[in-house]
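Below is one structure; the comments refer to it alone.
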2 protein chains.
Amino acid sequence: MKKKDRQQKVVDEVSINRQVSSSFLSEKLNVSEDTIRRDIKELDKKGLLTKVHGGAISTMQKLYHYNEDVIYKREEKVLIAKKAITLVEDGMVIIMSGGTTNLMLAKLLPKNLKATIYTYSLPIAMQLAEHPTVETIFIGGRIQRNSMVTTGIDVIQYLSNITANLCFIGVSGFSLEQGITGEGYEVALVKKAMISSSERNVYLSTSNKLNIRLNYDICSLKEIDIAITDLDVQDPILKPYVDAGVMLI
Amino acid sequence: MKKKDRQQKVVDEVSINRQVSSSFLSEKLNVSEDTIRRDIKELDKKGLLTKVHGGAISTMQKLYHYNEDVIYKREEKVLIAKKAITLVEDGMVIIMSGGTTNLMLAKLLPKNLKATIYTYSLPIAMQLAEHPTVETIFIGGRIQRNSMVTTGIDVIQYLSNITANLCFIGVSGFSLEQGITGEGYEVALVKKAMISSSERNVYLSTSNKLNIRLNYDICSLKEIDIAITDLDVQDPILKPYVDAGVMLI
DNA sequence: AAATATATTGCAATTTTTTGCAGTTTTTTT
DNA sequence: AAAAAAACTGCAAAAAATTGCAATATATTT
């Protein structure tokens, strides 16, 4: 039997029986216990069952598998996320916009962090839902297909009733002339509303977004509380921004 | 170079250049054009780039991969979804609860269907967001970790402002004595609100949920507009339900 | 603490997947 | 319509992954 078919049967058996042992599966599927142990290890990693001593138990299955490997400039985003985490404290109310840098931040939050996080992005919410102690609140509204976020007056109105301690904005365009800019008009409106509803705003920008001007204004240079990039603060590329008064990490 | 690493570079090159040719990648990565063509074909299928004649172009990347293969009783859910689709018409306002049967329904909706669909489930919303012509509205609120749905007074209040033509409810327990029942109190409350906000309610139940009574009432037998199972309507297992007056497909 | 059960690691044999190529088909360009 | 470019299929060789086993380590039971 093919590995894939066998693993399917492993998952089915665990769904039916709630708990199975490696030796039971080994006999049932006619392969060695070591093969079953490897299967269980791999399926646990994929979130399809939970490995326990001697076998596996049923789990809330993760229907979606997070293709993190293919995120463009993944290492840079990990670096930015780690810098951003230093600003997060227990008890905070946080707003998060969308994008893959924020997704990485959501993934890397400390597993004991107790905070409330508002977001309008489906992938961010999916990721935050896996966090054991963060309370995730999704801002409802019409889903914009390409960006997987909600937009519209419902979102902006909802945001006007919140005051967040901290807000993380994923950045698409960042330039000296224009400050933070973005691509979609409706997303720009929502990001502006997020910014207005927060005490402190943090802009997450990979270096390839620097010196890029897009079509819609989000925030001027002077209004930036903190900006985080993957570059070292002493990097010459950042010097004009530092000289212009931007608080950079 | 390993296949996985090579494909990572393919995705990166497409992200950088927006458009690349097979011959360009073949030279750059030092493999044959046929290998690149196979890579591009596979990555397009995964939603990480778009294959075009002569090469590939950048696309909005699907960060999440949908593990459909491992859905328990997948074929039965496909059957139920196909039955449910016959009730759907252009111009309808629809409400969808959560669960893997509804997920299958969301996936199999006709690609030219023009409807508005409300949902409180993150996976359902992710799936619907891929539909080219369906308008998806997410009902915001606090995310419940295990079930990946929103619950709370916000959701119920929002639902009270809607009248949907049709509502699809995923079923966990279905019995003669108790009708439709569920596991979580908060989810049961929301499902009740969904039912109240809809002209017609359709209950999607795999056969393994029949003759199961769970802790929280959702809907009595008499109140069921339509129930869909994977069984043939003439199946003896369904006879008591038919005799009790349940409208079954 | 000792015995038993389970898990992990390294390795060789086996199985499966991937690759490059040739021939053919399809699509695009001239 | 014809020529050129690109795509697809089948196949054999090469590469990679998987499997079962033995030895060792760790966890659980007695």
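Predicted, not measured: the structure shown is a model, and the values here were computed from it. All heavy atoms count here, side chains included; hydrogens, waters and symmetry mates do not. Letters go in sequence order (proteins before strands), and every chain restarts at 1.
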Identify every side-chain donor-acceptor pair in residues 45-55 of chain A under 3.5 Å, counting partners at least two apart or on other chains, and give the distances.
| unit_1 | atom_1 | unit_2 | atom_2 | d |
| --- | --- | --- | --- | --- |
| A/Thr50 | OG1 | A/Thr59 | OG1 | 3.2 |

Return the value, rounded to whole Å, for the distance between atom CD of A/Gln7 and atom P of C/dT16. 14 Å

Once ring-ring contact (aromatic ring centres under 6.0 Å, His included) is applied, do any residues pair with A/Tyr72, and if so which ones, sequence neighbours excluded? none

Shortest non-hydrogen separation from A/Glu186 to A/Gly152 and the atoms involved: OE1-N, 3.8 Å

Beyond-backbone contact of A/Thr151 with A/Leu189, side-chain heavy atoms, under 4.5 angstrom: no

Between residues 46-58 of chain A and DNA chain D, which residues have a heavy-atom gap below 4.0 Å? A/His53

Roughly how many Å is it from CZ in B/Arg6 to P in D/dA15, rounded to a whole number? 14 Å

Are any of the side-chain heavy atoms of A/Val187 and A/Tyr120 separated by less than 4.5 Å? yes

Given DNA chain D, 5'-ward residue of the pair B/Arg38 and A/Asp39, judged by closest heavy atom: B/Arg38

Does anything in residues 18-35 of chain B come within less than 4.0 Å of DNA chain D? Heavy atoms only, and list the residues if so. B/Ser22, B/Asp34

Nearest-Å distance for atom pair CD1/P, residues B/Ile40 and D/dA6: 12 Å

A/Ile36 has an atom CD1; how far is it from atom C1' of D/dT18, in whole Å? 13 Å

Rounding to an integer number of Å, can you tell me how far A/Asp5 CG sits from D/dT19 C1'? 16 Å

Determine whether A/Ile117 and A/Ile124 make a side-chain contact, defined as any pair of heavy atoms from C-beta on separated by less than 4.5 Å. no

Check the distance between D/dC8's C1' and B/Lys41's NZ and give it to me in whole angstrom. 7 Å

Between C/dT18, C/dT19, C/dT17, which nucleotide gets closest to the side-chain atoms of B/Lys3? C/dT18

Please name all residues satisfying ring-ring contact (aromatic ring centres under 6.0 Å, His included) with A/Tyr203, sequence neighbours left out, ordered by chain then number. none

Tell me every residue that passes ring-ring contact (aromatic ring centres under 6.0 Å, His included) with A/Phe24, counting only those two or more places apart in sequence or in another chain. none

OP1, OP2 of D/dA16 versus side-chain N and O of B/Lys4: anything below 4.0 Å? no

Under 4.0 Å between a side-chain nitrogen and a carboxylate oxygen: does that hold for B/Lys3 and B/Glu42? yes

